[in-house]
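Every chain is numbered from 1, with letters handed out A, B, ... down the list of sequences. For the numbers below, each heavy atom of this structure counts, side chains included, while hydrogens, waters and symmetry mates do not. Worth saying up front: this structure is predicted, and the values here are computed from it rather than measured.
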Amino acid sequence: LSREFAQTAAFRRRDPLWVALIAALCALAPVISLAIVALRDGGAGGRWIATLGPAFSETSQLLGGVLLLTSLVGVGCGWLVARFEFPGRGILAFALVLPFATPTYIAAYCYIDFLDFFGPVQTALRKLLGVSLAREYWFPGFRNMGGAVVIVGLVLYPYVYLATRAALTLQGSSLVDTARSLGRGEGAAFLAVALPVIWPALAAALSLVAFETLNDIGAVQYLGVNTLTAAIYATWLNRGGLGDAAVIALSALALVIGLISLERMVRRQRRFQLTARPARPMGRVRLTGAPAWLASLACALPVALGFGIPFFVLFSAVVADGVGASLSATFLRAALNSLLIATATTLLVMSIAALAALAGRFSRSALTPPALRVAAFGYALPGTVLVLGLMPVLGGFDELVNRASLALGGPRLGLILGSSVGAVVLACLIRFLAVGLEQTQAALGAISPNTDHAAATLGCGRLRHARDVLLPTILPALAGAALLVFVDTLKELPATLLLRPLNFETLATTLYGDASRGSFEDGAMAGLLIMLAGLAPLVLVNRMIERRPEGVRRSARS
Amino acid sequence: LTLIPLALIANLQIKGVLAMRFGAILLTTAAMVSAASAAEVNVYTAREPKLIEPVLKAFSEETGIKTNVVFVRDGLEERIRSEGANSPADVIVQVDFSRLVQAKEMGITQPANSPALAGLVPAAYRDADGHWFASTLRARVVYASKDRVKEQTLTYENLADPKWRGRICIRDGQNAYNTSLFAAMTARVGAEKAEAWLRGLRANLAKKPSGGDRDVAKDIAAGACDIGLANTYYLGLMLNNEPERKPWADAVRPILATFEGGGTHVNISGAALAKHAPNRASAVRLMEWMAGDKAQALYARQNFEHPIRASVELDPTVKAFGELKADQTPLADIARQRKTASELVDKVNFNAGPAT
């Protein structure tokens with residue numbers, strides 16, 4: 001049947017495979033360049049891999065812990081917010097995303113500042129106990145694996161939360177309602193019916209969490225966790241070999257891609273799709289009494305820990321220095337630069353992600369799905385490594401243009417694409433395309449292909465079908481993804497740091513400049529602004545998700 | 001309101017996307033062309049903006065040469081290599097001699113050919129071919145608890161003595177400051193003895209290596225350990241500029257540890273001349289200025305590092321650390337052992353912390 005519909009006039013156009021190929025090529029360029037470096041200079045790389053046992057084990061522990069924590073917090077809170085009405089739900093619904101705006105290494109500094117011996121918590125505790133030395137009482141240390149899991153997990157769970165909430169709002173709720181009307185309890189209905197349906201979105205979000213955890217360097221080094229990325233850095237910087245480091249990085253990439261492909265293969269066997277317009281959800285269940293307050297507490301806790309503590313530490317530092325102290329013209333320019341880069345990157349990523357995901361849906365070519373998977377490679381590499389791969393490509397391009405200019409009797413033009421704002425945006429696009437693409441594809445995948453066939457039968461062209469039916473249906477997912485890309489770009493460091501032109505600073509580079517001297521509180525204002533700059537789009541996105549028609553169902557028992 | 005982003009997403013065709021990217025290219029081209037005017041110098045620095053700005057500002061005021069700065073940490077050399085002949089880089093400022101040595105090996109530097117520089121910077125702290133020159137010395141010493149440690153002098157070798165079991169704090173073993181010290185030990189006693197020393201040091205750790213150099217003082221003040229390895233200038237910063245951390249610094253005193261039969265390990269911060277420097281004359285002038293007395297005094301006041309010449313008057317805080325007898329092992333020899341030292345850190349599983 002599908003093939004017959006593909007023959008209808010509306011679908012008999014050029015196959016949109018090329019869109020996916022362009023996206024893939026962007027992501028592949030730095031990987032190929034790294035592969036060349038690895039082949040040329042990476043002779044000893046194989047030897048290093050044999051010594052990576054401890055790094056591998058610590059990485060697995062960190063990854064396992066963070067995935068578990070983000071799943072618990074993200075799915076739990078997403079489910080509560082999407083399904084129930086409880087005190088403070090409105091504000092918590094969007095506050096739960098706030099922790100995401102803290103760069104992980106800043107979260108690590110703030111946490112240690114807050115919880116270490118001289119922090120307010122232990123100081124108060126010592127006063128209470130009347131002791132003065134660390135060995136006189138017990139307090140958990142946080143500069144270790146456990147601390148890293150908690151700190152990284154609390155900053156990254158919003159990926160999972162947003163995906164869960166958007167997916168439940170989009171599709172899952174009506175299913176849970178149906179299951180409940182057939183006599184299942186809420187929890188059982190969620191696990192048995194909703195979870196399988198939202199799993200693609202959840203898996204996409206968890207893979208983003210995994211990538212970001214794997215690729216972190218600042219937080220893990222400070223907290224004393226020796227991950228594969230730390231090993232890549234040590235190999236590159238201390239053993240004088242980008243080649244060997246590239247071998248390790250590409251091996252890790254291959255491993256990660258293998259795991260993701262495995263998950264997709266398993267998933268393909270169980271595919272769930274809904275009509276474009278799900279049955280109108282019956283609305284959220286109003287909780288009362290103790291369950292209501294427990295729900296409020298469960299959602300408030302991650303916000304207090306993930307956003308409250310870093311915010312408190314940075315805010316105290318800003319107040320201590322005087323708010324005006326850091327607000328110079330240079331600083332404001334940095335803030336504007338950050339907004340410029342984040343906005344440009346978000347628009348580009350979401351446009352390309354939407355186009356590529358639509359191409360993936362309409363294309364009949366066997367090449368399209370792998371091309372789209374390749375397009376998401378950028379996020380699976382440590383940011384610095386990706387940029388190290390991209391730089392020779394940009395430099396090579398510039399040199400070609402310069403030689404052409406010289407050959408034509410023109411002047412040497414200098415840098416064109418390399419080390420420019422355009423290069424920063426391009427690198428961010430490659431890095432964060434996965435964030436937009438994964439969520440968009442997951443959301444599109446949940447809409448039954450029958451709608452495409454119906455549209456084709458009614459003579460509706462692909463573009464109109466996409467604009468009028470598909471994109472509006474997945475709008476909450478698109479908005480959520482756009483928010484993630486925006487905030488991700490705001491706090492992005494390696495690409496901005498390595499590729500920006502002379503005399504160009506952003507909030508993130510200003511913050512890093514201070515933090516790398518070991519006095520992150522001097523950059524507190526920049527940190528605060530990064531945390532707060534995501535607020536405006538956050539409110540917007542929240543309204544887009546909430547906009548869905550959902551009356552509050554009155555129910556005393558649930 | 002919700003229709004606006006939707007319309008944006010739906011209507012942005014591929015053409016629009018390409019036009020945007022091309023627009024960005026044109027903009028940056030225009031910016032590059034306008035940036036190439038006279039009496040400027042472009043500085044690629046791994047030294048943090050706030051630490052180099054006062055020096056550059058004073059240079060501009062004195063010479064009228066404008067400085068353009070980009071702060072990059074890891075990957076600075078790779079960036080310059082990728083930019084190739086089009087690179088605007090004039091001066092490379094680094095905070096670790098291994099990076100300067102590597103910049104030369106990568107072929108992204110050139111000789112400064114400046115007799116003035118050779119006169120200002122002692123031979124031990126500059127490249128033999130004149131590619132790079134030190135600006136400051138950074139001594140890696142022992143912080144010791146004022147209350148719990150009686151020793152007035154220590155050797156690095158002493159730190160492996162079992163009497164320090166469970167009493168030493170240190171940051172990540174792969175950190176440049178640490179591998180630099182470990183490489184110096186390797187250069188002095190050979191890989192085998194250096195490995196045994198590292199094992200001893202690891203066995204004496206109070207906790208898993210983590211944090212930064214300031215955290216060593218903090219952990220000692222908290223009573224989590226009694227001694228630790230850190231650079232001197234963090235002490236100066238905490239004592240003078242960071243009131244909230246002064247209690248940490250007040251709890252410790254520096255012991256300028258030495259190698260047995262040698263001196264204290266010093267790393268350097270320094271500057272190299274970029275190979276394709278478009279403003280070569282201004283670049284050399286800046287490098288000479290950085291080695292001069294004014295800049296040396298500024299560095300000391302700003303960050304409490306040691307000056308490169310004994311003739312420069314010391315900041316009172318730096319003077320109070322005690323007399324620095326820098327170890328004489330040539331930096332080039334130490335740089336050659338960096339890789340071995342880094343391998344040893346992994347081999348003895350240093351970062352796993354004290355064996356259980």
Legend entry - Identified side-chain contact (heavy atoms from CB on, under 4.5 Å) partner of A:Leu502 from the options B:Val70, B:Thr67, B:Val69, B:Val43: B:Val70

Legend entry - Side chain / backbone / both / neither for B:Asp213 at chain A, heavy atoms under 4.5 Å: neither

Inset, instruction - Quick one: pull up CG in B:Asn86 and CD1 in A:Ile416 and give me the separation to the nearest 0.5 Å. - result: 7.0 Å

Inset, instruction - Could you give me the CA-CA distance, side-chain angles and deciding distance for A:Glu399 and B:Glu83, then say whether side chain to side chain contact (heavy atoms under 4.5 Å, CB included) is met? - result: CA-CA 8 Å; A:Glu399 187 56 26; B:Glu83 290 173 343; over 6 Å; no

Legend entry - Heavy-atom contact with chain A under 4.5 Å, split by part of B:Glu77: neither

Legend entry - Residues A:Asp113 and B:Lys218 bridged, charged N to O under 4.0 Å: no

Inset, instruction - Count the heavy-atom pairs under 4.5 Å between each of B:Ala341, B:Gly212, B:Gly211, B:Ser87 and chain A, then report the option with the highest count. - result: B:Gly211

Inset, instruction - Mark yes or no for whether B:Arg79, through its side chain, and A:Met391, through its backbone, hold a donor-acceptor pair below 3.5 Å. - result: no

Legend entry - Max heavy-atom pair count under 4.5 Å with chain B, selected residue of A:Ser516, A:Pro392, A:Gly396: A:Ser516

Legend entry - A:Asp522/B:Lys50 salt bridge by N-O under 4.0 Å criterion: no

Inset, instruction - Write down the atom of B:Ser342, the atom of A:Ala234, and the distance for their closest heavy-atom approach. - result: OG-O, 4.2 Å

Legend entry - Segment of B:Ala221 engaging chain A (4.5 angstrom heavy-atom cut-off): both

Legend entry - Interface moiety of B:Arg214 toward chain A, non-hydrogen atoms closer than 4.5 Å: side chain

Inset, instruction - Drop me the distance from B:Asp74's CG to A:Leu237's CG, to the nearest 0.5 angstrom. - result: 4.5 Å

Legend entry - When A:Thr509, A:Val220, A:Val387, A:Asp514 are compared by non-hydrogen pairs under 4.5 Å with chain B, the top option: A:Asp514

Inset, instruction - List the steps and the verdict of side chain to side chain contact (heavy atoms under 4.5 Å, CB included) for B:Lys339 and A:Thr235. - result: CA-CA 9 Å; B:Lys339 190 172 170 180; A:Thr235 306; over 6 Å; no

Inset, instruction - Report yes if some heavy atom in the side chain of A:Asn144 is under 4.5 Å from a heavy atom in the side chain of B:Ser210; otherwise report no. - result: no

Inset, instruction - Indicate whether any N or O donor in one side chain lies under 3.5 Å from an N or O acceptor in the other, for A:Tyr222 and B:Asp215. - result: yes

Inset, instruction - Please report the closest heavy-atom contact between B:Arg81 and A:Leu242, naming both atoms and the distance. - result: NH2-CD2, 4.3 Å

Legend entry - B:Arg171 side-chain N/O to A:Gly224 backbone N/O, donor-acceptor pair under 3.5 Å: no

Inset, instruction - Please flag which part of B:Pro209 lies under 4.5 Å from any non-hydrogen atom of chain A: side chain, backbone, both or neither. - result: backbone

Inset, instruction - To the nearest 0.5 angstrom, please state how far the CG atom of A:Asn226 sits from the CG atom of B:Asp172. - result: 6.0 Å

Legend entry - Largest heavy-atom contact set with chain A, pairs under 4.5 Å, which of B:Lys207, B:Glu48, B:His276: B:Glu48

Legend entry - salt bridge (Lys or Arg N to Asp or Glu O under 4.0 Å) against A:Glu58, all qualifying residues, sequence neighbours excluded: B:Lys208

Inset, instruction - Considering non-hydrogen atoms only, spot the tightest contact between A:Leu497 and B:Val72 and give its length. - result: O-CG2, 3.6 Å

Inset, instruction - Tell me, out of A:Tyr512, A:Tyr109, A:Phe504, who's got the most heavy-atom pairs with chain B below 4.5 Å. - result: A:Tyr512

Inset, instruction - Heavy atoms only: give me the nearest B:Ala222-A:Phe117 pair and the separation to one decimal. - result: CB-CG, 3.1 Å

Inset, instruction - Would you mind checking which part of A:Leu388 comes under 4.5 Å of any heavy atom in chain B, side chain (CB onward), backbone (N, CA, C, O), both or neither? - result: side chain

Inset, instruction - Would you mind checking which part of B:Asn351 comes under 4.5 Å of any heavy atom in chain A, side chain (CB onward), backbone (N, CA, C, O), both or neither? - result: both

Legend entry - Contact origin within A:Arg412 toward chain B - heavy atom pairs under 4.5 Å: side chain

Legend entry - Neighbour count >12 (heavy atoms, 6.0 Å) for atom CZ, B:Arg148: yes

Inset, instruction - State the CG-CZ distance between B:Asp219 and A:Arg143, to the nearest 0.5 angstrom. - result: 4.5 Å

Inset, instruction - Please state whether the side chain, the backbone, both or neither of A:Ile112 comes within less than 4.5 Å of a heavy atom of chain B. - result: both

Legend entry - chain B contact via A:Asn503 - which portion, at a heavy-atom distance below 4.5 Å: both

Inset, instruction - Against chain A, label B:Arg73 side chain, backbone, both or neither, depending on which of its atoms sit under 4.5 Å from a heavy atom there. - result: both

Legend entry - Interface residues of residues 89-97 of chain B facing chain A - heavy atom cut-off under 4.5 Å: none

Inset, instruction - Find the one option among B:Ala85, B:Ala224, B:Pro243 whose heavy-atom pairs under 4.5 Å with chain A are most numerous. - result: B:Ala85

Legend entry - chain A contact via B:Glu105 - side chain, backbone, both or neither, heavy atoms under 4.5 Å: neither

